[in-house]
Amino acid sequence: MKRIRSISDLEDLRKSILKQRDPDKITIRMCLSTGCRAKKSIKVISALEYELNKQGLQEKVEIKRTGCHGFCEMGPIMVIEPANIFYRQVTSGDIADIVSETILKGNIVKRLLWKDAGTKEYTKTEQELPLYKKQKKHISYNSGKIDPTDIEDYIAADGYLALCKALSAMTPAEIVETVVASGLRGRGGGGFPTGLKWRICSAAPSDIKYIIANGDEGDPGAFMDRSLMEGDPHRIIEGMIIAAFAIGASQGFLYVREEYPIAIEHLSIAIQKAEEYGLLGNNIMGTGFDFNIAINKGAGAFVCGEETALIISIEGKSGTPRSRPPYPAFEGLWEKPTIINNVETLGNIPQIILKGADWYSNIGTVGSKGTKIFSLVGKVRNTGLVEVEMGTTLREIIFDIGGGIRKDKRFKAVQTGGPSGGCIPISKIDMPVDYDSLREAGAIMGSGGMIVMDETSCMVDIARYFLNFLLFESCGKCVPCREGLKQMHHILTNICEGKGEKGDIKALTELGHFMISTSLCGLGATAANPVLSTLRYFHDEYIAHIYDKKCPAGVCKNLFEYMIDETLCNGCTLCKIKCPEKAISGEKKKPHRIDTAKCIKCGICYNLCKRQAVIVI
């Protein structure tokens, strides 16, 4: 390891690393992100190492342990270069065939290829996958390609070149104005212009300033920040150093959920290596600029994603929001000017500095520049991480990239923006995804969670689910949020249990608007979004629950019954065999019946019936 003492040293090191690499060498990129580890990718790598040693190939084949490739549904993921062969759902039992056929003979192991559910065609390479074709990977480009624990992998991929440019060829004011001109908006939820925040903080009079990278991702179904921290930690660190130089900070904090052990491990290694290479710490690259980073572990409180609660948490107190103003850019951590940026926001900075504000501002829409990473989950076929240009439509994300709805069911809604987001119906499937369009539709961008729902989702129950989460996570400091959430959740529970009353819709609407206008922080101010958006677009479902005492989706157990359509039932007996309460009767090859007195509405018969003879009434 050579300590980098000047700007030219970094470029020399990068050239040296690239010179030593053989582009024709077989390299196996294996995903070791949280998702693939859960599917035993570590065991797959152990089996791969054993087989390569057994075949005497350990020197001819390189194994690269990477972050998330994005296609989480198909993990564990393996990509074999230079042919770029994409294998999915790889197990230890597949390794012998991969080595004997693909590595030694160049043949494809067909069963490991991805197969399109519609066309039934196999896809051999990573670039051909529909999941990737319409994506525009700028922030997540390295994840899945580099080893996040190897700083030289990041340097070889132009890592820290932006920092060189910032420290050697730009003044702090020029950096700030470049970010302003780029149009970058915060990726953590609010979408506040990043450059404007930096400009305010840089002008604040103080001898001490701080940078905080917010990695406290707590939305159900969201894992964008986690994957970025696991797969490309140096990108975040480089963005933090540039931000610190721009505003005059000498200390930074990475605030990460303790439930993200791999992210914490990779960030810790990255910080240590950056310090060893002279890219972080005192006198960075001989420029005289000092900056250090410490990691703070969050205790899992959702409210600590709010910037003032996060600041108070770092100070060692209970993480509860405080009123603003003063804003953190003027008076933040330990009452000093502080910039808080989401880790994805900071991940944009190196490319903006390296390629310029014009390059970045030409991506996206008028009011929403650049790309955005989303975690696409729920009832969609291709779940995983997607990065798309701002302005890409919901249809393109859900159907072209996500592959459409599982089991060919009807798309009903997509919830964006986390638990405080809104539910967008099928009528708006062609709307562009950007800050302004989402807000107009009654939702928010949030940090980038996107939960897809089909016809079997009850929108009243969905609203109750998210309110239950927010009720549990509210700090309870302000009355509107504390009491408003309790009352709204109580009303929704009654509606789902068949106890809805005439004035419930009016009460929910009034409570929601009251919380928006009076809550102390962003959690309370957006907490009513799931209710107000479902009332706006799925009003008929509320009416059915309250007045007809029916749940059209067949979710709220007190409000529906299962029955068998005798014209569709062929008497296969599968539902009868699997029914845990023996509530189904009938002879083989003759229509069956359900005894509603015995039925516990577990849904087993409904899910099993291939002829869709089991219906909800």
Side-chain angles (χ1 to χ4, degrees), residues 71-74 114-121 130-131 134 220-221 374-384 386 393-416 421-431 433 441 443 449-466 496 530 533-534 537-542 544-545 550-557 559-565 567-570 572 574-575 578-579 594 599 601-617:
F71 207 166
C72 306
E73 174 80 7
M74 292 289 116
W114 181 79
K115 185 179 180 181
D116 188 285
T119 64
K120 307 299 182 184
E121 293 180 357
L131 183 78
K134 285 204 171 183
F374 293 96
S375 59
L376 187 63
V377 298
K379 302 296 182 68
V380 66
R381 283 196 178 98
N382 303 333
T383 60
V386 302
T393 66
L394 285 170
R395 184 186 297 276
E396 289 175 294
I397 294 172
I398 295 168
F399 287 91
D400 294 345
I401 296 174
I405 310 303
R406 293 177 185 272
K407 300 180 180 179
D408 293 321
K409 290 189 178 291
R410 183 174 59 86
F411 168 72
K412 186 171 189 178
V414 58
Q415 202 266 359
T416 68
C423 296
I424 302 170
I426 191 171
S427 61
K428 291 188 175 294
I429 190 68
D430 291 307
M431 68 171 278
V433 177
M450 196 172 277
I451 302 173
V452 179
M453 291 164 269
D454 66 16
E455 60 197 82
T456 63
S457 298
C458 169
M459 303 314 295
V460 184
D461 184 63
I462 289 291
R464 180 176 65 156
Y465 166 80
F466 285 115
C496 289
S533 63
T534 51
Y537 297 117
F538 302 97
H539 192 265
D540 289 349
E541 286 197 38
Y542 281 86
H545 280 69
K550 293 290 183 182
C551 176
V555 172
C556 302
K557 289 191 175 183
L559 302 179
F560 74 93
E561 301 286 352
Y562 284 123
M563 70 164 287
I564 295 176
D565 185 336
T567 64
L568 295 176
C569 178
N570 65 351
C572 72
L574 184 60
C575 62
K578 296 294 183 179
C579 179
I594 297 175
C599 178
K601 302 171 188 175
C602 63
I604 291 175
C605 59
Y606 181 82
N607 293 322
L608 281 175
C609 187
K610 295 179 181 179
R611 297 177 64 86
Q612 297 182 333
V614 181
I615 59 175
V616 174
I617 59 169

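Atom set for the values below is all heavy atoms of this structure, side chains included, hydrogens, waters and symmetry mates excluded.
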Enquirer: What heavy-atom pair brings L376 and I397 nearest, and what distance separates the two atoms?
Expert: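 Distance-wise, the nearest heavy atoms are CD2-O, 3.6 Å.
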
Enquirer: Taking all non-hydrogen atoms of both residues into account, name the closest pair between I398 and V380 and its distance.
Expert: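 Minimum heavy-atom contact is O-CG2, 3.6 Å.
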
Enquirer: So which heavy atom on C556 is nearest to which on C551, and how close?
Expert: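 In terms of heavy atoms, the two residues are closest at N-SG, 3.4 Å.
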
Enquirer: Check whether any side-chain N or O of E455 sits under 3.5 Å from a backbone N or O of R410 as a donor-acceptor pair, and report yes or no.
Expert: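 Between the backbone of R410 and the side chain of E455 there is a qualifying donor-acceptor contact (under 3.5 Å).
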
Enquirer: Between atom CZ of F466 and atom OG of S533, what is the distance when rounded to the nearest 0.5 Å?
Expert: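 With rounding to 0.5 Å, CZ (F466) is 9.5 Å from OG (S533).
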
Enquirer: Rounded to the nearest 0.5 Å, what separates atom CZ in R406 from atom CG in N382?
Expert: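 Separation between the atoms: 8.5 Å.
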
Enquirer: Surrounding NZ of K578 (heavy atoms of other residues, nucleotides or ligands, distance under 6.0 Å), is the total greater than 12?
Expert: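 For K578, atom NZ is not crowded (no more than 12 foreign heavy atoms under 6.0 Å).
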
Enquirer: Begin with the C-alpha distance, continue with both residues' side-chain angles, and end with the deciding distance and a verdict on side-chain contact (heavy atoms from CB on, under 4.5 Å) for D408 and R381.
Expert: CA-CA 9 Å; D408 293 321; R381 283 196 178 98; 2.6 Å; yes

Enquirer: List the steps and the verdict of side-chain contact (heavy atoms from CB on, under 4.5 Å) for C423 and M453.
Expert: CA-CA 9 Å; C423 296; M453 291 164 269; 4.1 Å; yes

Enquirer: Which is it for T456 and Y606 under the side-chain contact (heavy atoms from CB on, under 4.5 Å) test, yes or no, and what are the steps along the way?
Expert: CA-CA 11 Å; T456 63; Y606 181 82; 4.2 Å; yes

Enquirer: Rounded to the nearest 0.5 Å, what separates atom OG in S457 from atom NZ in K412?
Expert: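 It is 6.5 Å, given to the nearest 0.5 Å.
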
Enquirer: Which heavy-atom pair separates A413 from F538 by the least distance, and what is that distance?
Expert: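 In this case the closest contact between A413 and F538 is CB-CZ, 3.7 Å.
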
Enquirer: K379 side chain to D454 main-chain N or O, any donor-acceptor pair under 3.5 Å?
Expert: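 Answer holds: no.
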
Enquirer: Grab the two heavy atoms, one from S375 and one from G221, that are nearest each other, plus how far apart they are.
Expert: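 Result for this residue pair: OG-O, 2.9 Å.
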
Enquirer: Quick one: does any side-chain atom of T534 pair with a main-chain N or O of V460 as donor and acceptor, under 3.5 Å?
Expert: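 It does not hold such a pair.
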
Enquirer: Is it true that a side-chain atom of R611 and a backbone atom of L568 form a donor plus acceptor pair closer than 3.5 Å?
Expert: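 Side chain of R611 to backbone of L568, a donor-acceptor pair under 3.5 Å: yes, one is there.
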
Enquirer: Can you tell if the side chain of P130 reaches within under 4.5 Å of the side chain of W114, non-hydrogen atoms only?
Expert: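 Answer yes - side chains close enough.
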
Enquirer: Look at the rings of F399 and F411 and say which category their plane angle falls in: under 30° parallel, 30 to 60° tilted, over 60° perpendicular.
Expert: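 Perpendicular.
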
Enquirer: How long is the gap from NZ on K550 to NE2 on H545, to the nearest 0.5 Å?
Expert: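 Reported to 0.5 Å precision, the distance equals 11.5 Å.
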
Enquirer: Using only atom types and a distance under 3.5 Å, with no angle test, would you say the side chain of K134 pairs donor to acceptor with the backbone of E396?
Expert: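 Pair absent, no side-chain N/O of K134 close to backbone of E396.
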
Enquirer: Got a second to check how far I564's CD1 is from I594's CD1, nearest 0.5 Å?
Expert: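 Going from the CD1 atom of I564 to the CD1 atom of I594 covers 4.0 Å.
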
Enquirer: Could you report the tightest heavy-atom contact between A613 and C569, atom names first, then the distance?
Expert: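 It is CB-N, 3.7 Å.
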
Enquirer: Taking the side chain from Y537 and the backbone from A441, do they hold a donor-acceptor pair closer than 3.5 Å?
Expert: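 It does hold such a pair.
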
Enquirer: Quickly, which of I401, D400, I429, I426 forms a side-chain contact (heavy atoms from CB on, under 4.5 Å) with R395? Name it, please.
Expert: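 For R395, the side-chain contact (heavy atoms from CB on, under 4.5 Å) check succeeds only for I429.
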
Enquirer: To the nearest 0.5 angstrom, please state how far the CE atom of M459 sits from the NE2 atom of H539.
Expert: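 If I round to the nearest 0.5 Å, the distance is 14.5 Å.
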
